[in-house]
Amino acid sequence: MTSDVGTSQWVAAFRRRVRRWYRLHGRELPWKEDADPYSVWVREIMLQQTTVAAVVPYLEKFLDEFPTVTSLAQASEEAVLRVWEGLGYYSRARNLHRAATMIVEEWEGVWPRSADAIECLPGVGRYTASAIASFAFDEAAPIVEANTLRLYSRLLGMVDDPARASGQKQLWAFAERVVPPARPGQFNQALMDLGATVCRSEPLCEECPVRLNCQAFRLGITSRVPMRRRRARITELHETAVVIKRSGDVLMIRYSEEGRWPGLWGFPLISRARGETLDQPTTILDLVREMRARGIDIEFCRQLGEFRHGVTRFRIHLQAADVSWVDGEWNGGERAEWIPIDELSRRPLSVPGRQVAQWIRKPA
DNA sequence: AATACGGGGCA
DNA sequence: TGCCCAGTATT
């Protein structure tokens, strides 16, 4: 019956159907058997707002490089960011590193077992804490994330905005009711697999083991539940990455905490007006002036390349300028270093930064 | 309550 | 292209 969503009878039948479906159709994820708290933690952080396909190679490399929480704590933040490079949301990597230090120094490397305690770690919110507690420590902790949010919303026939406080409250309350005392981690995994493969954005209801438990299915509103959120408008940015060379070295800055890519290294970026390009003398004059304002006299050589890159709600139209140093020191505010070109691979760069670095080696 | 934070996968 | 992704922290 669907009229009794959440009652104990409903929950019992729901759990049975989900478990059975999972035995037959659950995803074969590479970490399926790995319940070690450290690796659960690392992968849950990586999976925040990031697809499984994107995470797999990064997780393998990360655990290879930092196999234990101690090794992670002992590493430099830059080394951690270097392994994270290209995965995005870099504050995750920095929080991971900080949290490793906390675990080692304050807790002597021993994990707290409860979700509440785990949630004290930086970068760990309610979902991630529950995931770790249920996967690694068999705590019956409820989860709500992208996959389960869709699933629960539809089961409940929830027409409220799931992002709002009242929607969130209903979803977490539902999660608390369905998570079972026995093997809660496996059950949570089953819920996510069901959400990911069947209760997708465009749901495959004919394959769903719990469609008769689903209010949205019964009402024929699965395509409108959960309510979609409208996206933020994209802002176009036109920027120039300035590659300043001085006898085999290139000037790199460490992006500050306030702006984009905090903690990553990169090239000085200046903005252009829309339509300005490096084949225009006025653009080049602007470039020279902008760099002089940051302490460095340069001579423009040529354009290195150009491409488009999306970062959160911005789309950056990037051109790179190959220039040579004439005089002066960087006083643009950021930490700066002259780095031999063949050592760029050792620094953590953003994706556009890495692209520009490739152009330096092999001009496009 | 709204916004910032990245980048890739896929139709 | 546009939508979506095992969210969290900050304003």
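Lettering of chains follows the sequences in order, A, B, ..., and the numbering in each one begins at 1. What's counted below: heavy atoms across the whole structure, side chains too, no hydrogens, waters or symmetry copies.
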### Task
Could you tell me the separation between the CD1 atom of A:Ile118 and the P atom of C:dG7, rounded to a whole number of Å?
17 Å

### Query
In terms of the nearest nucleotide of DNA chain B, which residue is placed more toward the 5' end: A:Ala163 or A:Gly88?
A:Ala163

### Residue whose nearest DNA chain C nucleotide is more 5′ - A:Phe135 or A:Arg315
A:Arg315

### Summary
By nearest-nucleotide position on DNA chain C, the 5'-leaning member of A:Gly123 and A:Glu145 is A:Glu145

### Message
Would you measure the distance from the P atom in C:dA6 across to the matching atom in B:dA11 and give it in whole Å?
### Response
15 Å

### Query
If you check every side-chain atom of A:Gln189, which of C:dA6, B:dG8, C:dC4 has the closest atom?
C:dA6

#### Entry: d(OH, A:Tyr89; P, B:dG6) in whole Å
8 Å

### Message
Tell me whether the side-chain N or O atoms of A:Arg92 pair up with the base of C:dA9 as donor and acceptor below 3.5 Å, since no angle test is needed here.
### Response
no

### Task
Examine the side chains of A:Asn95 and A:Arg98 and answer whether a donor and an acceptor come within less than 3.5 Å of each other.
yes

### Query
Looking for any heavy atom pair under 4.0 Å, which part of the strands does A:Thr148 touch: base, sugar-phosphate only, or nothing?
nothing

### Message
Quick check on C:dC4: is either OP1 or OP2 less than 4.0 Å from any side-chain nitrogen or oxygen of A:Arg228?
### Response
yes

### Query
Does a nitrogen or oxygen in the side chain of A:Trp261 sit under 4.0 Å from OP1 or OP2 of B:dG7?
yes

#### Entry: Side-chain N or O of A:Thr51 closer than 4.0 Å to phosphate OP1/OP2 of C:dA6
no

### Query
Among C:dG7, C:dC4, B:dG8, which nucleotide sits nearest the side chain of A:Arg150?
C:dC4

### Message
Under a 3.5 Å threshold, yes or no: a donor from one side chain and an acceptor from the other, between A:Gln48 and A:Thr128?
### Response
yes

### Query
Does A:Arg308 make a side-chain N or O approach to OP1 or OP2 of C:dT1 shorter than 4.0 Å?
yes

### Query
Hey, does A:Gly195 reach any base, or is it just sugar-phosphate, or nothing, if we go heavy atoms under 4.0 Å?
nothing

### Message
Looking at A:Gln49, I'd like to know whether one of its side-chain N or O atoms comes within less than 4.0 Å of OP1 or OP2 on C:dC5.
### Response
no

### Task
Fit a plane to each ring of A:Trp84 and A:Phe62, take the angle between them on a 0 to 90° scale, and name the class: parallel (under 30°), tilted (30 to 60°) or perpendicular (over 60°).
perpendicular

### Query
In terms of side-chain heavy atoms of A:Met192, which of C:dA6, B:dA2, B:dG8 is nearest?
C:dA6

#### Entry: Distance in angstrom units between A:Arg313 CZ and B:dG7 C1', rounded
17 Å

### Atom-to-atom span, CG of A:Leu96 to C1' of C:dA6 - whole angstrom
15 Å

### Message
Closer than 4.0 angstrom, basic N to acidic O: yes or no for A:Glu78 and A:Arg82?
### Response
no

### Task
Could you measure between the two P atoms, the one in C:dT11 and the one in B:dG6, and give it in whole Å?
15 Å

### Query
How would you label the contact of A:Leu264 with the nucleic acid (heavy atoms, under 4.0 Å): base, sugar-phosphate, or nothing?
nothing

### Query
What nucleic acid atoms does A:Trp84 come within less than 4.0 Å of, heavy atoms only: base, sugar-phosphate, or nothing?
nothing

### A:Glu145 and A:Asn147 side chains, donor-acceptor separation under 3.5 Å
yes

#### Entry: Nearest listed nucleotide, side chain of A:Gln48, among C:dT8, B:dG6, B:dA2
C:dT8

### Pairwise 5' ranking along DNA chain B for A:Arg229 and A:Tyr90, keeping only the more 5' one
A:Arg229

### Query
With a non-hydrogen cut-off below 4.0 angstrom, is A:Ala146 in contact with a base, only sugar-phosphate, or nothing?
sugar-phosphate

### Query
Does A:His309 put a side-chain nitrogen or oxygen below 4.0 Å from OP1 or OP2 of B:dG7?
yes

### Query
Starting at CG of A:Leu87 and ending at C1' of B:dG7, how long is that distance when rounded to a whole Å?
8 Å

### Query
Among the nucleotides B:dG9, C:dA6, C:dG7, which one has an atom lying closest to any side-chain atom of A:Ala53?
B:dG9

### Message
Ring centres under 6.0 Å, that's the criterion: do A:Tyr152 and A:Trp172 meet it?
### Response
no

### Query
Is any side-chain N or O of A:Thr50 under 3.5 Å from a base N or O of B:dG6, one able to act as donor and the other as acceptor?
yes

### Query
A:Glu258 CD to B:dT3 P: how many Å, rounded?
21 Å

## Note on the structure
Tested for side-chain contact (heavy atoms from CB on, under 4.5 Å) against A:Leu304, the lone hit among A:Val323, A:Val243, A:Leu278 is A:Val243

### Query
Going by atom types only, do A:Asp160 and A:Gln170 share a side-chain donor-acceptor pair under 3.5 Å?
yes

#### Entry: Sugar-phosphate only, base, or nothing, as touched by A:Arg260 at under 4.0 Å among non-hydrogen atoms
nothing

### Query
Reckon A:Val124 touches a base, only the sugar-phosphate, or nothing at all at heavy-atom distances under 4.0 Å?
sugar-phosphate

#### Entry: Atom-to-atom span, CD of A:Gln355 to C1' of B:dG8 - whole angstrom
15 Å

### Query
A:Glu85 CD to B:dG8 P: how many Å, rounded?
10 Å

